[in-house]
Structures are given as structure tokens and as C-alpha cells.
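To start, the structure itself, in C-alpha cells.
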Amino acid sequence: MSGSENNGPRVGLIERYRDRLPFGVDDPVVSMAEGSTPIVYAPTLSQRVGAEVHLKLEGANPTGSFKDRGMTCAVSAAVRDGAQAVICASTGNTAASAAAYAGRAGLRCAVIVPEGKIATGKLAQALMHGARVIALRGNFDEALVLVRELVARHPIALVNSVNPFRIEGQKTASFEIAEDLGEIDALCIPVGNAGNVTAYWKGFTELGLAPRMFGFQAAGSAPLVNGAPVAKPETIASAIRIGNPARWEEAMTAFVGSSGMVREVTDSEILDAYRHLARHEGIFCEPSSAASVAGLLRYGPDGAARIVCVLTGHGLKDPQTALEQAGSVVPCEPEIDAVEAAVLA
Ligand SMILES: *Cc1c(COP(=O)(O)O)cnc(C)c1O
């Protein structure tokens, strides 16, 4: 059943794709009608790169990022298994999503985030949904090592993308692309912990499709490009500020198996793409998401005629970076001449 044939309320992805996911008809489902996100054609990007470019708007998921696709599955499985609590290490969006789905399921939730390195909106979400938010004086990689140790000691479900249910849920984005566009030549995607590129490749492979996977890492956090972990990853794109991806091997299998590539983009290229998308395509994504478009703009389509760039999260997640990158507001007295001058300037 596809979303467009459905006349009732929109269903979540477990219901939409249950025959291709590890859930039976009687299993509990924790869902907020995630998935079925828009794919929009990008005219200015298409013209700039000389190919047909579409954008997959994952910011349209319930908590504003693709993490909800994995989280509906991870939290539903945790409920089925009788878990009382979930935990994750997070650069922000996993925390927001885990907190929301755990809240809905009546589970306790703890999230461990790198102190001072998570966007304001994501922090607000995790706190509002009632998670215990722990600010680690360390980076994401250290947080992930510690939560893995903690779940070995306590019966708490780990909902990071090392959890196979996360990959299962996230692979459904490939199904949607195939249903909406048919075959594509390449997928451009930001790469952090490398769960998402692993999931997309799994989804395409299950369909017998093999578009080229073009992954992009931020230059200061590019372990897959360098072929070695980065001890102190740095980038303005906080969601991909990861130095030792958990899905390293699987991601490399996706790049090699699809005749794709993993390459780096600088923070300034990321911010250029971020502003271009907002100003000329009407689409406000977060900086990490813009890495997919930054990479396409820097390296070109490399022979691909039809391309999807994954915009992984919504721009409202990170209002601080937006305000630093955008123009300033115009102060004005409440008089017609002043307003006229201000508007027409
Ligand atoms: C999590 C995230 C990524 C990176 O995905 P991985 O699966 O860690 O590679 C990219 N962009 C955003 C907005 C994210 O939240």
C-alpha cells in the first residue's frame, strides 16, 4: 500500500512497509506517521550542475529529521521486548527523536550529548519530551563508547544506529524514492556515523536497484575519506561531527558496491549550499544536511543524469547558525515615511 492510494489518515512507515520490516501484524507500533516525506525538484540546482536534481525533505518527519524512521522501529522493538528505558549517544537529532518516541511509548529516556556542541532546537526537543539530558565533556565518539558500556551493565535498550532496527526503518526512504521517481542514477548524502548511507544502500539493494552512493563528510570530520579515525573532529555541521563512524565497514561496502564515492566538503562550502537552498529553492535545512548539496556542487554529477540529495534535517533545528549566516533585521519607527524608506531601500 503506498501513501497516495490511502484515503484514510497517513500511516507510519511500519504500517506502510510492514511486509519488508521485521514486525508482525500483532506487534506494538509506536508511530507518529513518520516517513512518506516530500521529494521536490530543485530547478536552480539542476541548472547549476547540469542534471535533474531532486531533494528528499527528511526535515518533514515528526521531530524534524530522518532519525524518526529508525526510531519508530527501534522504540517499537524495545516495547515488544519489554524494555523500560532507552538510551542513546547523540549529536542532537537522535536525542530529540528518541525522547519523543520514548515519551509516546511511556518509556524512560536518557541521552548523552557532547556538551556545547548540540544545536539549540534539538536540545529544546529532548528536554521538552522529558528525556534526561546528560552533557558529556567529550565528543560523540566518546559518548557512544560509554553508552555501549552502560547497556552492557543495565537492561536499557540502545537506540543508536548500531541498533539494527534503526537501519531497517531508515531503509524505507529508498523505497519512497523508488516509488516516487523510479530509477535514479545517484544519491547524495551527508555521512556522520554512517548509519543512514548504510540504510539507503540496504533499501536500494532489496529493490534490486544500485544508484551510486555519493557520501559527503565535513573536511574537519572526514575519517572515511582519510581512511583513519579523527581524534578531534571539528565542523559547523554538528550532526556529522563524528570521528569514528560505527557503520564504517557497511558504509564502505555501499560506496564500493555502488561505484560511488565518499568525499569531503569544507564548512564554507556547506554554508554556501545551506544559504543557496534557503534563498533559491525555498528549503531551509540544517547545515549538516546541506553537505549533500555542497558535495554535488563541488564535485559535479559525474555522469549521473538523475540525482536525489537527501536533506536530513530541518533548518529550524539550528536557529543560531541560521541567524549568523543570514542578513540582519531592519529597525524602523512606526511612521509611514520610515516604513516606506525601510521597505524600498
Ligand atoms: C544523524 C544525522 C546525519 C548523519 O547520519 P549518519 O547516519 O550518522 O551518517 C546527517 N544529518 C543530520 C541532520 C543528522 O541528524
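Read the numbers this way: they start at 1 and go in the same order the structure lists the ligands and their atoms.
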If you count the atoms of ligand 1 from 1 in the order shown, which ones are under 4.0 Å from a heavy atom of [X]?
| X | result |
| --- | --- |
| Asn193 | 6 (P), 8 (O), 9 (O) |
| Gly195 | 6 (P), 7 (O), 9 (O) |
| Glu286 | 13 (C) |

How close does the nearest protein non-hydrogen atom get to [atom], and which residue and atom is it?
| atom | value |
| --- | --- |
| atom 1 (C) of ligand 1 | Lys67 NZ, 1.4 Å |
| atom 7 (O) of ligand 1 | Asn196 N, 2.8 Å |
| atom 5 (O) of ligand 1 | Phe66 CZ, 3.4 Å |
| atom 12 (C) of ligand 1 | Thr312 OG1, 3.2 Å |

- Item | Gap separating the OG atom of Ser161 from the CD atom of Gln170, nearest 0.5 angstrom | 6.5 Å
- Task: Output the distance between atom OH (Tyr299) and atom SG (Cys188), rounded to the nearest 0.5 Å.
- Result: 12.0 Å
Side chain or backbone, does [X] bring an N or O within less than 3.5 Å of an N or O on ligand 1?
| X | result |
| --- | --- |
| Ser289 | no |
| Ile240 | no |
| Ser161 | no |
| Gln170 | no |

- Is Glu183 atom CD crowded by more than 12 heavy atoms from other residues, nucleotides or ligands, each under 6.0 Å away? no
- Message: Heavy-atom count check: over 12 atoms from other residues, nucleotides or ligands less than 6.0 Å from Arg298 CZ?
- Response: yes
- Message: Check this for me: does any side-chain nitrogen of one of Asp318 and Lys122 sit under 4.0 Å from a carboxylate oxygen of the other?
- Response: no
- Between Glu206 and Arg20, is there a side-chain N and carboxylate O pair less than 4.0 Å apart? no
- Could you tell me whether ligand 1 has any atom less than 4.0 Å away from a heavy atom of Ala194? yes
- Is Arg263 positioned over the aromatic face of Phe214, cation under 6.0 angstrom from the ring centre and no more than 45 degrees off axis? yes
- Task: Kindly state whether the ring of Phe165 and the ring of Phe23 have centres lying under 6.0 angstrom apart.
- Result: yes
